[in-house]
2 protein chains.
Amino acid sequence: MTPSRPGASESRQPYHHGDLRRSLVDAALALVAEEQDWGFSLREVARRAGVSHNAPYNHFADKRDLLGAVANAGYEALQSRLTVLAALTAAPDEALVAIGVGYIRFGLENPAHYRLMFGPELVAGSGGPPASLLEAAGGAKSVLAEVLLRGARAGVFKAAPDDEQALGILVLSSWAMVHGLTLLLMDRLAGSALPDSIPELVARTLVDGIRVR
Amino acid sequence: MTPSRPGASESRQPYHHGDLRRSLVDAALALVAEEQDWGFSLREVARRAGVSHNAPYNHFADKRDLLGAVANAGYEALQSRLTVLAALTAAPDEALVAIGVGYIRFGLENPAHYRLMFGPELVAGSGGPPASLLEAAGGAKSVLAEVLLRGARAGVFKAAPDDEQALGILVLSSWAMVHGLTLLLMDRLAGSALPDSIPELVARTLVDGIRVR
DNA sequence: GCGTCTATGTTGTCGCCATCAACATAGCCC
DNA sequence: GGGCTATGTTGATGGCGACAACATAGACGC
């Protein structure tokens, strides 16, 4: 809430605002979480941050730009979460299950935020996603890749550690399955007759499928 | 284009409009395909259909309702496509690869339409998706379930044909993987160093993973 | 200290939108 | 043939995104 800018005055109304950019991202994030949608107006975000309806344009080119920053924050949170999980478990196959389940849980904790991270608005026409998003997403993906490489080196997974294409397909398959399941679950398309241990069961289906037997 | 209403007059300006509901869905579908987004206005849809900006409200409660109809049409098209593919191949494992690849291709042919089918707007708060959508999605899912059941009965897949939970997990795992890959590919998150036979390679990873060996 | 520069924030404005309400019309059924 | 109802149209209202013109407060040279 309070500013932490270098050289900011102590108790006054802080600077111009303090750190409006940050406040706007926070406000947008809160709105995404509350409304489970990002159809809210930029003006509403500005209102939340206590500034005029046009102040955001000093920090973001447009609404999409702001949402991109929100998505970016999501990728960072996801990556750090997965990194911790990957380090906690020594066995590569169990580590893969752990980050798979953790990934899905992350998505289900804030469905709209997760959806936003992969939302159509951010792909920006046919030019592909902006570089910053690609980078942030790549960071999360790399955690998965590390674990798979670890398992391949240990001879646990069905890919030679030096076969980049085979490893790439494994990474993509794994990512696709957890990504897809996360979305199917939040869309309530999984069917209700199944237990709520679905994430783990599916993750084990994945791991058992790529394990050397 | 021409009306097919019972008792419609022959050559005149047909009835009030003919079949506005259908025209609106078609116009919206065209807009989704063109703009690869559904941020267009309801008024734009009305313009395309050649009616006033308020006419759509006689057929749809609001914009979301119209988009729901568009999504529904997507599920129907997907289901019929998968049904054909599933019937074309006798061997269950190859049939699964075929519908997996066909599924992904369907999504990539019209990314925005595919995304809309699973879009957040349609989940309607925390009450879950409307019944019509659940039904349409279930139809597509059932094609997958049929093939997996076929393979289980043939002893090709790692699930007993009478173990509903195991089969359910297999269905969900398969759906999740193709769904996830479809979205990752359209988000350009798959990485560019990989060949464009990715869909088939991933589908085979899936099938090899659940095949009895 | 002081004047200027620039980043940041505000006010005002425009065209557009979703949605509601009131009104018009045309095919239908008795 | 006359009312009924489904379907379309016209006309608001409040809000929004984006732009432009203006205001202000720190920064920085002197």
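Quick note on labels: first sequence line is chain A, next is B, and so on, each numbered from 1.
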[X] [atom1] to [N] [atom2], straight-line distance once rounded to whole Å:
X	N	atom1	atom2	result
Leu42(A)	dT10(C)	CG	P	13 Å
Glu44(B)	dC16(C)	CD	P	11 Å
Asn58(B)	dA21(C)	CG	C1'	13 Å
Phe40(B)	dA18(C)	CZ	C1'	14 Å
Phe60(B)	dT19(C)	CZ	C1'	16 Å
His59(B)	dA6(D)	NE2	P	12 Å
Asp19(B)	dT7(D)	CG	C1'	12 Å
Arg21(B)	dA6(D)	CZ	C1'	14 Å

Looking only at N and O atoms, is any donor in the side chain of [X] or the base of [N] less than 3.5 Å from an acceptor on the other one?
X	N	answer
His53(A)	dG9(C)	no
Asn54(B)	dG8(D)	no
Arg43(A)	dG17(D)	yes
Asp62(A)	dG17(D)	no

Legend entry - Enclosure of Arg81(A) CZ (heavy-atom neighbours >12, cutoff 6.0 Å):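 Check passes, neighbour count above 12.
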Legend entry - Pairwise 5' ranking along DNA chain C for Arg47(B) and Leu20(A), keeping only the more 5' one: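 Going by which nucleotide is closer to the 5' end, it is Leu20(A).
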Distance-only, no hydrogens or angles: does the [X] side chain make a donor-acceptor pair with backbone N or O of [Y] under 3.5 Å?
X	Y	result
Lys63(A)	Phe40(A)	yes
His113(A)	Val70(A)	yes
Glu121(A)	Arg64(A)	no

Inset, instruction - Taking only the side-chain heavy atoms of Tyr57(A) (C-beta and beyond), determine which of dG17(D), dT10(C), dA18(C) contains the nearest atom. - result: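 So the nucleotide nearest the side chain must be dG17(D).
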Inset, instruction - Select one nucleotide: of dT8(C), dT9(D), dT11(C), the one nearest the side-chain heavy atoms of Ser52(A). - result: dT11(C)
Inset, instruction - Would you classify Ser41(A) as touching base, sugar-phosphate or nothing, given that sugar-phosphate means primed atoms plus P, OP1 and OP2, and contacts are heavy atoms under 4.0 Å? - result: sugar-phosphate
Inset, instruction - Determine whether the aromatic ring centres of Tyr75(B) and Tyr114(B) lie less than 6.0 Å apart. - result: no
